[in-house]
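Note that ligands are numbered from 1 as they come in the structure, with each ligand's atoms numbered from 1 the same way.
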Amino acid sequence: MYSEKLYVFPNSIHKHKDSDFCIAKTEENEKVMIVSGPDKVAFDGKDILAFGKSGKQCPLSSENSLIIRELFSFTNPIRHKGHKISIGLGDRLGLASGGHIRLLRNLDVFPVLAQQSMRELNLTGRTYEDVLAAAVWAVFQEGYTKGFGADGDHLKTHEEVKYALDCGFTMITLDCSEHIPNGLDCASQAEINTRYADLSDDITGELENMYLNKTVSVDTNTSLSFNSDDFKRIVLVYFPAVKHAIDIFNNQVKGKNVDFEISIDETLSATSPQAHYFVANELIKHGVEITGLAPRFVGEFQKGIDYKGDISGFECNFSVHAIIAKMFGYKISVHSGSDKFSVFPIVNKCTDGRYHLKTAGTNWLEAVRVVAMKSPELYREIHSFALSNLTEAKKYYHITEDVGNIVDLCHVSDHMLPDCLNQDDARQVLHITYGLILQAKKEDGAAMFRDRIFDVLNVHESEYYNNLEIHIGKHLTELGIVVNAKGISVEK
Ligand code: ZN
(Lines give C-alpha, C1' and ligand atoms only; values in the text may rest on other atoms or scores of the structure.)
Protein backbone atom coordinates (compact mmCIF):
# COMPACT_ATOMS: atom_id res chain seq x y z
CA MET A 1 0.00 0.00 0.00
CA TYR A 2 2.55 2.56 1.09
CA SER A 3 5.43 0.20 1.37
CA GLU A 4 6.00 -3.15 -0.26
CA LYS A 5 7.73 -4.33 2.85
CA LEU A 6 4.66 -4.24 5.06
CA TYR A 7 1.68 -6.53 5.17
CA VAL A 8 -1.47 -4.59 6.05
CA PHE A 9 -4.32 -6.38 7.83
CA PRO A 10 -7.29 -5.66 5.54
CA ASN A 11 -9.82 -5.04 8.34
CA SER A 12 -7.47 -2.78 10.24
CA ILE A 13 -7.82 0.22 7.94
CA HIS A 14 -9.65 2.91 9.89
CA LYS A 15 -10.22 6.60 9.51
CA HIS A 16 -10.63 9.23 12.21
CA LYS A 17 -11.40 12.68 10.75
CA ASP A 18 -8.40 13.42 8.50
CA SER A 19 -6.16 10.68 9.87
CA ASP A 20 -5.69 7.18 8.48
CA PHE A 21 -4.78 4.14 10.51
CA CYS A 22 -3.90 0.52 9.94
CA ILE A 23 -2.12 -2.40 11.56
CA ALA A 24 0.75 -3.86 9.58
CA LYS A 25 3.41 -6.48 9.89
CA THR A 26 6.98 -5.56 9.11
CA GLU A 27 9.46 -7.75 7.29
CA GLU A 28 10.76 -8.75 10.71
CA ASN A 29 7.28 -9.98 11.64
CA GLU A 30 6.76 -7.20 14.11
CA LYS A 31 3.22 -5.87 14.29
CA VAL A 32 2.94 -2.09 14.23
CA MET A 33 0.31 0.58 13.82
CA ILE A 34 0.70 3.06 10.99
CA VAL A 35 -0.95 6.43 11.33
CA SER A 36 -0.88 9.40 9.00
CA GLY A 37 -2.58 12.75 9.35
CA PRO A 38 -3.05 15.13 12.28
CA ASP A 39 -3.64 12.41 14.91
CA LYS A 40 -0.12 11.07 14.51
CA VAL A 41 1.33 13.62 16.92
CA ALA A 42 -0.47 11.96 19.81
CA PHE A 43 1.30 8.62 19.35
CA ASP A 44 4.70 7.37 20.31
CA GLY A 45 6.54 6.04 17.25
CA LYS A 46 8.95 6.85 14.45
CA ASP A 47 8.27 9.01 11.39
CA ILE A 48 7.79 7.21 8.08
CA LEU A 49 6.10 7.87 4.75
CA ALA A 50 2.63 6.29 4.74
CA PHE A 51 -0.43 6.55 2.47
CA GLY A 52 1.54 9.09 0.45
CA LYS A 53 1.66 11.36 3.47
CA SER A 54 4.06 11.69 6.31
CA GLY A 55 3.10 9.18 8.94
CA LYS A 56 4.28 7.35 11.97
CA GLN A 57 5.06 3.72 12.66
CA CYS A 58 4.00 3.01 16.23
CA PRO A 59 4.53 0.07 18.57
CA LEU A 60 1.41 -1.76 19.77
CA SER A 61 2.10 -0.55 23.28
CA SER A 62 -0.30 -0.12 26.11
CA GLU A 63 0.28 3.69 26.01
CA ASN A 64 -0.63 3.89 22.33
CA SER A 65 -3.67 1.68 22.90
CA LEU A 66 -5.04 4.27 25.34
CA ILE A 67 -5.08 6.88 22.56
CA ILE A 68 -6.72 4.44 20.16
CA ARG A 69 -9.42 3.87 22.78
CA GLU A 70 -10.07 7.61 22.92
CA LEU A 71 -10.33 7.93 19.14
CA PHE A 72 -12.29 4.75 18.36
CA SER A 73 -15.05 3.94 20.81
CA PHE A 74 -15.46 0.36 19.57
CA THR A 75 -12.03 -0.49 20.97
CA ASN A 76 -13.20 0.06 24.55
CA PRO A 77 -14.36 -2.99 26.46
CA ILE A 78 -18.00 -3.10 27.56
CA ARG A 79 -20.01 -5.37 29.84
CA HIS A 80 -21.67 -8.59 28.71
CA LYS A 81 -24.94 -8.02 30.57
CA GLY A 82 -27.83 -8.33 28.13
CA HIS A 83 -26.03 -10.82 25.88
CA LYS A 84 -27.38 -14.33 26.32
CA ILE A 85 -24.14 -16.16 25.66
CA SER A 86 -20.81 -14.75 26.76
CA ILE A 87 -17.52 -16.57 26.61
CA GLY A 88 -14.33 -15.74 28.45
CA LEU A 89 -11.40 -16.45 26.17
CA GLY A 90 -8.35 -15.52 28.23
CA ASP A 91 -5.29 -15.04 26.09
CA ARG A 92 -2.16 -15.77 28.09
CA LEU A 93 0.32 -14.69 25.42
CA GLY A 94 -1.60 -11.71 24.08
CA LEU A 95 -1.65 -13.20 20.56
CA ALA A 96 -4.88 -15.16 20.41
CA SER A 97 -7.64 -12.56 20.28
CA GLY A 98 -7.39 -12.02 16.50
CA GLY A 99 -8.16 -15.71 15.98
CA HIS A 100 -11.01 -15.60 18.47
CA ILE A 101 -12.57 -12.63 16.71
CA ARG A 102 -12.35 -14.31 13.31
CA LEU A 103 -14.26 -17.27 14.71
CA LEU A 104 -16.89 -15.32 16.64
CA ARG A 105 -17.46 -12.19 14.62
CA ASN A 106 -20.63 -13.40 12.90
CA LEU A 107 -22.02 -15.38 15.81
CA ASP A 108 -24.37 -14.35 18.59
CA VAL A 109 -21.70 -14.78 21.21
CA PHE A 110 -20.25 -11.97 23.29
CA PRO A 111 -16.49 -12.45 23.66
CA VAL A 112 -14.67 -11.50 26.83
CA LEU A 113 -11.34 -11.27 25.04
CA ALA A 114 -9.26 -10.07 27.96
CA GLN A 115 -9.56 -12.40 30.92
CA GLN A 116 -6.77 -13.03 33.33
CA SER A 117 -6.40 -13.84 37.01
CA MET A 118 -3.70 -12.50 39.32
CA ARG A 119 -2.16 -15.96 39.35
CA GLU A 120 -1.97 -15.90 35.55
CA LEU A 121 -0.53 -12.36 35.55
CA ASN A 122 2.20 -13.48 37.92
CA LEU A 123 2.91 -16.68 36.02
CA THR A 124 3.15 -14.92 32.66
CA GLY A 125 4.89 -11.77 33.90
CA ARG A 126 2.19 -9.51 32.43
CA THR A 127 0.14 -6.59 33.76
CA TYR A 128 -3.54 -5.77 33.33
CA GLU A 129 -2.46 -2.88 31.12
CA ASP A 130 -0.73 -5.39 28.79
CA VAL A 131 -3.65 -7.80 28.83
CA LEU A 132 -6.21 -5.16 27.90
CA ALA A 133 -3.95 -3.54 25.31
CA ALA A 134 -3.53 -6.89 23.51
CA ALA A 135 -7.32 -7.20 23.21
CA VAL A 136 -7.69 -3.57 22.07
CA TRP A 137 -5.11 -4.03 19.30
CA ALA A 138 -6.73 -7.27 18.15
CA VAL A 139 -10.14 -5.58 17.95
CA PHE A 140 -8.57 -2.73 15.98
CA GLN A 141 -6.72 -5.12 13.70
CA GLU A 142 -9.84 -7.11 12.90
CA GLY A 143 -12.17 -4.08 12.72
CA TYR A 144 -14.44 -5.81 15.21
CA THR A 145 -17.09 -3.32 16.32
CA LYS A 146 -19.66 -5.53 18.09
CA GLY A 147 -18.18 -5.13 21.55
CA PHE A 148 -15.96 -7.22 23.82
CA GLY A 149 -15.37 -7.59 27.53
CA ALA A 150 -12.41 -7.52 29.89
CA ASP A 151 -12.57 -9.72 32.98
CA GLY A 152 -10.41 -9.27 36.07
CA ASP A 153 -10.69 -12.96 36.82
CA HIS A 154 -10.57 -14.58 40.25
CA LEU A 155 -9.74 -11.37 42.11
CA LYS A 156 -9.70 -11.60 45.87
CA THR A 157 -8.98 -8.24 47.46
CA HIS A 158 -9.97 -4.58 47.30
CA GLU A 159 -6.57 -3.71 45.81
CA GLU A 160 -6.85 -6.29 43.04
CA VAL A 161 -10.37 -5.23 42.11
CA LYS A 162 -9.40 -1.57 42.13
CA TYR A 163 -6.39 -2.26 39.91
CA ALA A 164 -8.49 -4.03 37.27
CA LEU A 165 -11.20 -1.36 37.32
CA ASP A 166 -8.64 1.45 37.10
CA CYS A 167 -7.24 -0.19 33.96
CA GLY A 168 -10.70 -0.17 32.39
CA PHE A 169 -11.78 -3.78 32.95
CA THR A 170 -15.54 -4.18 32.58
CA MET A 171 -16.03 -7.38 34.52
CA ILE A 172 -14.92 -8.40 37.98
CA THR A 173 -14.97 -12.03 39.02
CA LEU A 174 -14.73 -12.02 42.77
CA ASP A 175 -13.07 -15.14 44.10
CA CYS A 176 -14.51 -15.77 47.55
CA SER A 177 -12.46 -18.90 48.23
CA GLU A 178 -10.37 -17.37 51.00
CA HIS A 179 -13.58 -16.61 52.86
CA ILE A 180 -14.96 -20.13 52.48
CA PRO A 181 -13.53 -22.34 55.22
CA ASN A 182 -12.91 -25.63 53.41
CA GLY A 183 -12.44 -27.71 56.55
CA LEU A 184 -16.04 -27.21 57.60
CA ASP A 185 -17.37 -29.14 54.62
CA CYS A 186 -16.63 -32.38 56.37
CA ALA A 187 -16.71 -31.26 60.00
CA SER A 188 -18.90 -33.29 62.37
CA GLN A 189 -22.37 -32.01 63.14
CA ALA A 190 -21.33 -31.58 66.78
CA GLU A 191 -18.55 -29.23 65.73
CA ILE A 192 -20.91 -27.34 63.43
CA ASN A 193 -23.38 -26.92 66.29
CA THR A 194 -20.68 -25.60 68.62
CA ARG A 195 -19.36 -23.15 66.08
CA TYR A 196 -22.83 -22.02 65.13
CA ALA A 197 -23.64 -21.35 68.79
CA ASP A 198 -20.67 -18.95 68.86
CA LEU A 199 -22.17 -16.71 66.16
CA SER A 200 -23.83 -13.52 67.32
CA ASP A 201 -27.61 -13.49 67.65
CA ASP A 202 -27.72 -10.43 65.40
CA ILE A 203 -26.57 -12.59 62.54
CA THR A 204 -28.33 -15.84 63.29
CA GLY A 205 -31.68 -14.33 64.28
CA GLU A 206 -32.32 -12.77 60.91
CA LEU A 207 -30.98 -15.75 58.96
CA GLU A 208 -33.03 -18.25 60.96
CA ASN A 209 -36.19 -16.28 60.25
CA MET A 210 -35.44 -16.41 56.60
CA TYR A 211 -34.21 -19.99 56.09
CA LEU A 212 -34.36 -22.30 59.10
CA ASN A 213 -36.75 -25.20 58.44
CA LYS A 214 -38.16 -23.25 55.51
CA THR A 215 -38.79 -24.53 51.99
CA VAL A 216 -38.43 -22.14 49.10
CA SER A 217 -39.63 -22.88 45.61
CA VAL A 218 -37.33 -21.82 42.81
CA ASP A 219 -39.66 -22.83 40.01
CA THR A 220 -42.92 -24.71 39.68
CA ASN A 221 -41.25 -28.11 40.02
CA THR A 222 -38.28 -27.36 42.22
CA SER A 223 -38.07 -26.38 45.86
CA LEU A 224 -35.20 -26.26 48.34
CA SER A 225 -35.48 -27.10 52.03
CA PHE A 226 -33.19 -25.83 54.75
CA ASN A 227 -33.17 -28.32 57.59
CA SER A 228 -31.37 -27.31 60.77
CA ASP A 229 -28.13 -29.23 60.13
CA ASP A 230 -27.72 -28.04 56.53
CA PHE A 231 -28.69 -24.51 57.45
CA LYS A 232 -26.06 -24.18 60.19
CA ARG A 233 -23.35 -25.59 57.96
CA ILE A 234 -24.27 -23.26 55.09
CA VAL A 235 -24.20 -20.22 57.36
CA LEU A 236 -20.77 -21.15 58.74
CA VAL A 237 -19.27 -21.98 55.35
CA TYR A 238 -20.78 -19.23 53.19
CA PHE A 239 -21.75 -16.27 55.36
CA PRO A 240 -18.16 -14.91 55.53
CA ALA A 241 -18.00 -15.04 51.71
CA VAL A 242 -21.30 -13.17 51.48
CA LYS A 243 -19.99 -10.46 53.79
CA HIS A 244 -16.80 -10.16 51.74
CA ALA A 245 -18.73 -9.85 48.47
CA ILE A 246 -21.00 -7.17 49.93
CA ASP A 247 -17.97 -5.23 51.14
CA ILE A 248 -16.22 -5.41 47.75
CA PHE A 249 -19.38 -4.50 45.89
CA ASN A 250 -20.20 -1.48 48.05
CA ASN A 251 -16.68 -0.12 48.12
CA GLN A 252 -15.37 -0.91 44.64
CA VAL A 253 -18.04 -1.93 42.16
CA LYS A 254 -21.26 -0.12 43.04
CA GLY A 255 -22.23 2.63 40.59
CA LYS A 256 -19.78 1.46 37.93
CA ASN A 257 -21.00 0.04 34.66
CA VAL A 258 -19.36 -3.37 35.07
CA ASP A 259 -20.34 -7.01 35.35
CA PHE A 260 -19.91 -8.48 38.80
CA GLU A 261 -19.53 -12.24 39.02
CA ILE A 262 -19.32 -14.19 42.25
CA SER A 263 -17.06 -17.21 42.23
CA ILE A 264 -17.57 -19.86 44.89
CA ASP A 265 -16.16 -22.60 42.67
CA GLU A 266 -12.71 -23.02 44.17
CA THR A 267 -13.77 -25.28 47.01
CA LEU A 268 -13.12 -28.90 47.84
CA SER A 269 -16.72 -30.05 47.68
CA ALA A 270 -19.55 -29.21 45.30
CA THR A 271 -21.84 -26.27 46.08
CA SER A 272 -25.25 -27.53 47.19
CA PRO A 273 -28.28 -25.87 45.59
CA GLN A 274 -29.25 -24.61 49.05
CA ALA A 275 -25.84 -22.97 49.49
CA HIS A 276 -26.09 -21.39 46.03
CA TYR A 277 -29.54 -20.05 46.86
CA PHE A 278 -28.38 -18.76 50.24
CA VAL A 279 -25.38 -16.87 48.76
CA ALA A 280 -27.38 -15.33 45.93
CA ASN A 281 -30.36 -14.44 48.06
CA GLU A 282 -28.23 -12.78 50.74
CA LEU A 283 -26.27 -10.78 48.17
CA ILE A 284 -29.34 -9.58 46.35
CA LYS A 285 -31.09 -8.78 49.64
CA HIS A 286 -28.14 -6.51 50.46
CA GLY A 287 -28.33 -4.69 47.15
CA VAL A 288 -25.46 -6.45 45.38
CA GLU A 289 -26.03 -6.52 41.62
CA ILE A 290 -24.62 -9.73 40.23
CA THR A 291 -24.25 -10.62 36.56
CA GLY A 292 -23.10 -14.16 37.15
CA LEU A 293 -22.36 -16.75 39.78
CA ALA A 294 -20.01 -19.70 39.50
CA PRO A 295 -20.83 -22.61 41.81
CA ARG A 296 -18.59 -25.64 42.12
CA PHE A 297 -20.44 -28.34 40.21
CA VAL A 298 -20.29 -32.07 40.88
CA GLY A 299 -17.60 -34.02 39.09
CA GLU A 300 -14.23 -32.67 38.07
CA PHE A 301 -13.43 -29.69 35.89
CA GLN A 302 -9.72 -30.24 35.45
CA LYS A 303 -7.57 -28.05 33.25
CA GLY A 304 -7.44 -28.75 29.53
CA ILE A 305 -9.36 -32.04 29.41
CA ASP A 306 -12.98 -33.14 29.23
CA TYR A 307 -15.30 -33.38 32.24
CA LYS A 308 -14.57 -36.24 34.61
CA GLY A 309 -17.55 -37.76 36.35
CA ASP A 310 -21.03 -39.06 35.88
CA ILE A 311 -22.76 -37.08 33.13
CA SER A 312 -26.32 -37.72 34.29
CA GLY A 313 -25.32 -36.74 37.84
CA PHE A 314 -23.92 -33.54 36.42
CA GLU A 315 -27.14 -32.80 34.61
CA CYS A 316 -29.25 -33.30 37.78
CA ASN A 317 -26.96 -30.97 39.75
CA PHE A 318 -26.39 -28.38 37.04
CA SER A 319 -30.06 -28.06 36.15
CA VAL A 320 -30.95 -26.97 39.69
CA HIS A 321 -28.13 -24.39 39.74
CA ALA A 322 -29.37 -23.11 36.39
CA ILE A 323 -32.93 -22.79 37.72
CA ILE A 324 -31.71 -20.79 40.73
CA ALA A 325 -29.69 -18.45 38.51
CA LYS A 326 -32.65 -17.99 36.19
CA MET A 327 -34.95 -17.20 39.09
CA PHE A 328 -32.62 -14.50 40.39
CA GLY A 329 -31.91 -13.22 36.88
CA TYR A 330 -28.16 -13.68 36.50
CA LYS A 331 -26.15 -16.06 34.35
CA ILE A 332 -24.74 -19.30 35.61
CA SER A 333 -21.02 -19.18 35.01
CA VAL A 334 -19.02 -22.27 34.11
CA HIS A 335 -15.33 -21.99 34.98
CA SER A 336 -12.47 -24.14 33.71
CA GLY A 337 -14.68 -24.63 30.67
CA SER A 338 -11.93 -25.49 28.21
CA ASP A 339 -12.54 -28.85 26.57
CA LYS A 340 -15.58 -29.83 28.66
CA PHE A 341 -17.22 -31.11 25.50
CA SER A 342 -19.34 -33.82 27.07
CA VAL A 343 -21.24 -31.41 29.32
CA PHE A 344 -21.65 -28.51 26.87
CA PRO A 345 -24.97 -29.78 25.47
CA ILE A 346 -26.29 -29.89 29.07
CA VAL A 347 -25.06 -26.36 29.77
CA ASN A 348 -26.89 -25.12 26.70
CA LYS A 349 -30.07 -27.07 27.36
CA CYS A 350 -30.48 -26.38 31.09
CA THR A 351 -29.84 -22.63 30.78
CA ASP A 352 -32.03 -22.11 27.69
CA GLY A 353 -28.87 -20.85 26.02
CA ARG A 354 -28.09 -18.15 28.57
CA TYR A 355 -24.76 -18.62 30.32
CA HIS A 356 -21.19 -17.45 30.76
CA LEU A 357 -18.43 -19.93 29.94
CA LYS A 358 -14.79 -19.38 30.78
CA THR A 359 -12.07 -20.96 28.74
CA ALA A 360 -8.45 -19.94 28.87
CA GLY A 361 -5.68 -22.44 28.98
CA THR A 362 -6.35 -24.23 25.75
CA ASN A 363 -5.39 -21.11 23.82
CA TRP A 364 -1.94 -21.70 25.20
CA LEU A 365 -2.08 -25.37 24.23
CA GLU A 366 -2.96 -24.38 20.67
CA ALA A 367 0.06 -22.06 20.70
CA VAL A 368 2.20 -25.00 21.81
CA ARG A 369 0.68 -27.02 18.97
CA VAL A 370 1.94 -24.42 16.50
CA VAL A 371 5.40 -24.78 18.05
CA ALA A 372 5.16 -28.57 17.63
CA MET A 373 4.11 -28.11 13.99
CA LYS A 374 6.67 -25.51 13.03
CA SER A 375 9.61 -25.88 15.37
CA PRO A 376 9.95 -29.52 16.43
CA GLU A 377 13.26 -28.99 18.25
CA LEU A 378 11.82 -26.22 20.39
CA TYR A 379 8.78 -28.35 21.14
CA ARG A 380 10.97 -31.22 22.30
CA GLU A 381 12.84 -28.90 24.66
CA ILE A 382 9.61 -27.46 26.07
CA HIS A 383 8.09 -30.90 26.47
CA SER A 384 10.98 -32.26 28.50
CA PHE A 385 11.24 -29.05 30.55
CA ALA A 386 7.53 -29.33 31.40
CA LEU A 387 7.93 -32.91 32.54
CA SER A 388 10.88 -32.13 34.75
CA ASN A 389 9.17 -29.12 36.36
CA LEU A 390 5.80 -30.69 36.94
CA THR A 391 6.06 -30.87 40.73
CA GLU A 392 6.56 -27.11 40.94
CA ALA A 393 3.62 -26.40 38.63
CA LYS A 394 1.32 -28.64 40.66
CA LYS A 395 1.62 -26.22 43.56
CA TYR A 396 -0.69 -23.92 41.57
CA TYR A 397 -2.95 -26.31 39.71
CA HIS A 398 -4.71 -29.53 40.60
CA ILE A 399 -4.52 -32.22 37.91
CA THR A 400 -4.52 -36.00 37.96
CA GLU A 401 -2.22 -36.73 35.04
CA ASP A 402 -0.33 -39.99 34.75
CA VAL A 403 3.10 -39.21 33.32
CA GLY A 404 3.48 -42.90 32.49
CA ASN A 405 0.91 -42.46 29.72
CA ILE A 406 2.97 -39.81 27.93
CA VAL A 407 4.99 -41.27 25.08
CA ASP A 408 8.74 -40.88 25.13
CA LEU A 409 9.49 -38.37 22.39
CA CYS A 410 12.52 -40.43 21.29
CA HIS A 411 9.96 -42.64 19.60
CA VAL A 412 7.99 -39.82 18.00
CA SER A 413 8.96 -38.41 14.63
CA ASP A 414 8.76 -34.65 14.10
CA HIS A 415 5.61 -34.67 12.01
CA MET A 416 3.76 -36.59 14.75
CA LEU A 417 4.68 -34.16 17.54
CA PRO A 418 1.48 -32.09 17.26
CA ASP A 419 -0.44 -35.25 18.17
CA CYS A 420 1.09 -35.10 21.66
CA LEU A 421 -1.32 -32.23 22.22
CA ASN A 422 -4.24 -34.62 21.77
CA GLN A 423 -3.26 -36.86 24.66
CA ASP A 424 -4.89 -35.92 27.98
CA ASP A 425 -1.91 -36.43 30.28
CA ALA A 426 0.45 -34.48 28.02
CA ARG A 427 -2.16 -31.75 27.64
CA GLN A 428 -2.42 -31.35 31.38
CA VAL A 429 1.32 -31.27 31.91
CA LEU A 430 1.86 -28.64 29.21
CA HIS A 431 -1.22 -26.75 30.36
CA ILE A 432 -0.17 -26.10 33.93
CA THR A 433 3.54 -25.51 33.28
CA TYR A 434 2.93 -22.47 31.05
CA GLY A 435 4.17 -20.02 33.65
CA LEU A 436 7.39 -21.92 34.29
CA ILE A 437 7.99 -22.33 30.56
CA LEU A 438 7.46 -18.63 29.85
CA GLN A 439 9.55 -17.46 32.80
CA ALA A 440 12.41 -19.97 32.46
CA LYS A 441 15.80 -18.27 32.22
CA LYS A 442 19.17 -19.44 30.96
CA GLU A 443 22.30 -18.93 33.04
CA ASP A 444 22.97 -15.57 31.39
CA GLY A 445 19.48 -14.38 32.37
CA ALA A 446 18.04 -14.57 28.85
CA ALA A 447 14.68 -16.28 28.33
CA MET A 448 14.99 -19.99 27.74
CA PHE A 449 11.84 -20.37 25.62
CA ARG A 450 9.74 -17.23 25.72
CA ASP A 451 11.28 -15.28 22.84
CA ARG A 452 11.54 -18.33 20.63
CA ILE A 453 7.88 -19.21 21.26
CA PHE A 454 6.84 -15.67 20.35
CA ASP A 455 9.02 -15.77 17.23
CA VAL A 456 7.36 -18.97 16.02
CA LEU A 457 3.89 -17.61 16.70
CA ASN A 458 4.59 -14.27 15.06
CA VAL A 459 5.86 -15.95 11.91
CA HIS A 460 3.06 -18.53 11.86
CA GLU A 461 0.22 -16.34 13.09
CA SER A 462 -2.28 -17.60 10.54
CA GLU A 463 -1.66 -21.20 11.66
CA TYR A 464 -2.22 -20.12 15.25
CA TYR A 465 -5.49 -18.38 14.35
CA ASN A 466 -6.48 -21.46 12.37
CA ASN A 467 -5.84 -23.80 15.32
CA LEU A 468 -7.83 -21.53 17.62
CA GLU A 469 -10.74 -21.40 15.21
CA ILE A 470 -10.83 -25.18 15.05
CA HIS A 471 -10.42 -25.70 18.78
CA ILE A 472 -12.73 -23.01 20.14
CA GLY A 473 -15.05 -23.74 17.23
CA LYS A 474 -15.41 -27.27 18.57
CA HIS A 475 -16.57 -25.79 21.88
CA LEU A 476 -19.19 -23.70 20.10
CA THR A 477 -20.37 -26.68 18.09
CA GLU A 478 -20.95 -28.77 21.21
CA LEU A 479 -22.72 -25.82 22.81
CA GLY A 480 -25.17 -25.92 19.93
CA ILE A 481 -23.99 -22.68 18.33
CA VAL A 482 -23.74 -23.21 14.61
CA VAL A 483 -20.20 -22.65 13.52
CA ASN A 484 -19.24 -22.16 9.96
CA ALA A 485 -15.51 -22.43 10.22
CA LYS A 486 -12.56 -24.51 9.14
CA GLY A 487 -14.10 -27.87 8.50
CA ILE A 488 -16.13 -28.05 11.70
CA SER A 489 -19.32 -26.67 10.27
CA VAL A 490 -22.44 -28.27 11.64
CA GLU A 491 -26.05 -27.71 10.74
CA LYS A 492 -28.45 -27.93 13.64
ZN1 ZN B 1 -13.11 -20.42 38.82
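Judged as a salt bridge (Lys or Arg N to Asp or Glu O under 4.0 Å), and not counting sequence neighbours, Glu289 has no contacts. Residues passing the salt bridge (Lys or Arg N to Asp or Glu O under 4.0 Å) test with Arg102, sequence neighbours excluded: Glu142.
Ring planes of Phe297 and Phe314: perpendicular class, angle over 60° (limits at 30 and 60°). In this pair, Tyr163 and Tyr128 present their aromatic rings tilted. The plane angle is within the 30 to 60° band. Between Phe344 and His475, the ring-plane angle classifies as tilted under the 30° and 60° cut-offs.
Of all protein N/O/S atoms, those under 2.8 Å from the Zn ion (ligand 1) are His154 NE2, Asp265 OD2, His335 ND1, and waters are not counted.
The salt bridge (charged side-chain N to carboxylate O under 4.0 Å, His left out) pairs that include a residue from residues 73-94 are Arg79-Asp259, Arg92-Glu120, where partners are two or more places apart or lie in different chains.
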